[in-house]
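Written below as structure tokens is the structure these notes are about.
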2 protein chains.
Amino acid sequence: MTIVGHDQDMTQVGTSTSPGSLEGTEAELEACRFERDPFQWDVREDCQVRQILDRIADKWSLLVIAILDEKTLRFGELGREIDGISKRMLTVTLRNLERDGLVRRTVYPEVPPRVEYELTALGRTLLGTTQALVAWTEEHQDQVARARQEFEAANPAR
Amino acid sequence: MTIVGHDQDMTQVGTSTSPGSLEGTEAELEACRFERDPFQWDVREDCQVRQILDRIADKWSLLVIAILDEKTLRFGELGREIDGISKRMLTVTLRNLERDGLVRRTVYPEVPPRVEYELTALGRTLLGTTQALVAWTEEHQDQVARARQEFEAANPAR
DNA sequence: CAGGATCCCGACAGATACTG
DNA sequence: CAGTATCTGTCGGGATCCTG
């Protein structure tokens, strides 16, 4: 059991690098699924689980999913809800989520154009977990804040 | 309700930049907690929730937490389990988790040195959610893979 | 309005060498 | 063994301009 870090992620969309087909044979990929022998993880860097985990556990994806909770939103609306995200990163993030089948993108042939985003059925299965993570953060932020202060106090300004 | 993206993260440990004290008054921070009015999020980029979420939703933290499940591991053992992580990133990740009170670091004054890492009580409360996320990935990897293929097929090699 | 295309800077992370 | 220090390349991501 090993947890391999996959680096050259093929997450590019904005930049025009080639998609870079998934490496490894199907047999290899199959072989590196997560497994609980008794209590073992097999998390190789080139395995599906790692690739998917790296995708959704990034700076924006979880937030986008959490916000699309139930609602259908337009591009601009999403951008305004997620303060601090640039148009580019919103585009990239949405493309990745769409690519993974978590978000559906609907273009209305109007002028001015209207594009709406909503969770797919698959995306909605992830919603519970996502919100659980956010909920955890809500509930424990005080404890974390306290831990940080203590740590800061114990380790004088490095 | 807005979701603000916090960028200059004060996550530095290896590099010797100043810690950069958390910005904003306590009142401001208090004001930007997550809230469900009816169904609204208030996720400003400078709020605690965002800061914490950015911390644990990075490339390595979730994996480290998942692996520390129950077990106590040494630095080298962790490094070997998480394939692809460098010593530097393992150090940085562990420091951040320690700083947030999720992981306890114990140094044994021996020679050669021995350092063990384990989840704190706080860290263990996050375990369920973390594993749920991993479990979701396990369960839905096939669907995601299929979605990717379809997307790739529909959007010829961009 | 919803993005695509470019330019570009700086943080992130790998490689290597050194230390208690 | 468990890191730290440094050096460096990469690329994430912001800013800006352009288009259908």
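Scope of the values below: all heavy atoms of this structure, side chains included, with no hydrogens, waters or symmetry mates.
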(request) Name the closest nucleotide to the B:Y117 side chain, picking from D:dG3, D:dG14, C:dG14. (result) D:dG3
(request) Respond yes when some side-chain nitrogen or oxygen of B:R88 is under 4.0 Å from OP1 or OP2 of C:dA15, and no when none is. (result) no
(request) Whole angstrom is fine here: how far is it from CD1 in B:I82 over to P in C:dG14? (result) 12 Å
(request) Between D:dG3, C:dG14, C:dA2, spot the one nearest the side chain of B:S86, thanks. (result) C:dG14
(request) Measure from CZ on A:R114 to C1' on C:dA2 and round the result to the nearest Å. (result) 13 Å
(request) Would you kindly give the CZ-to-C1' distance between B:R95 and D:dA5, to the nearest whole Å? (result) 14 Å
(request) Specify the separation, in whole Å, of atom CD1 of A:I85 and atom P of C:dG3. (result) 13 Å
(message) Base, sugar-phosphate or nothing for B:Y108? Non-hydrogen atoms, less than 4.0 Å.
(response) nothing
(request) Figure out the CZ/P separation between A:R55 and D:dG12, and round it to whole Å. (result) 11 Å
(request) Please step through side-chain contact (heavy atoms from CB on, under 4.5 Å) for the pair A:R105 and A:L94, ending with a clear verdict. (result) CA-CA 9 Å; A:R105 176 175 182 266; A:L94 285 170; over 6 Å; no
(request) By nearest nucleotide on DNA chain D, pick out whichever of A:M89 and A:P112 is the more 5' one. (result) A:M89
(message) Using OP1 and OP2 only, check whether a side-chain N or O of A:R74 sits under 4.0 Å from C:dG3.
(response) no
(request) Round to the nearest Å and state the distance from A:E98 atom CD to C:dA2 atom P. (result) 15 Å
(request) Kindly work out whether a path of hydrophobic side-chain contacts (I/L/V/M/F/W/Y, heavy atoms less than 4.5 Å apart) joins B:V64 to B:V107. (result) yes
(message) According to a hydrophobic-cluster definition based on side-chain heavy atoms being under 4.5 Å apart (Ile, Leu, Val, Met, Phe, Trp, Tyr only), do A:V115 and A:V111 belong together?
(response) no
(request) Establish, with yes or no, whether the OP1 or OP2 oxygen of C:dA2 is under 4.0 angstrom from a side-chain nitrogen or oxygen of A:R105. (result) no
(message) Rounded to whole Å, how long is the line connecting atom NZ of A:K87 with atom C1' of C:dA2?
(response) 7 Å
(message) Nearest 0.5 angstrom please: B:L126 CG to B:L68 CG, how far?
(response) 11.5 Å
(message) As a test of reading the structure: which of C:dA2, C:dG14, C:dC1 is closest to the side chain of B:W60, going by heavy atoms?
(response) C:dG14
(message) Check A:R74 with A:E116, please: is the shortest side-chain N to carboxylate O separation under 4.0 Å?
(response) no
(message) By nearest atom, which of the nucleotides D:dC1, D:dG3, C:dA2 is closest to the A:F75 side chain?
(response) C:dA2
(message) Between P on C:dA13 and CG on B:L94, what's the gap in Å once rounded to a whole number?
(response) 14 Å
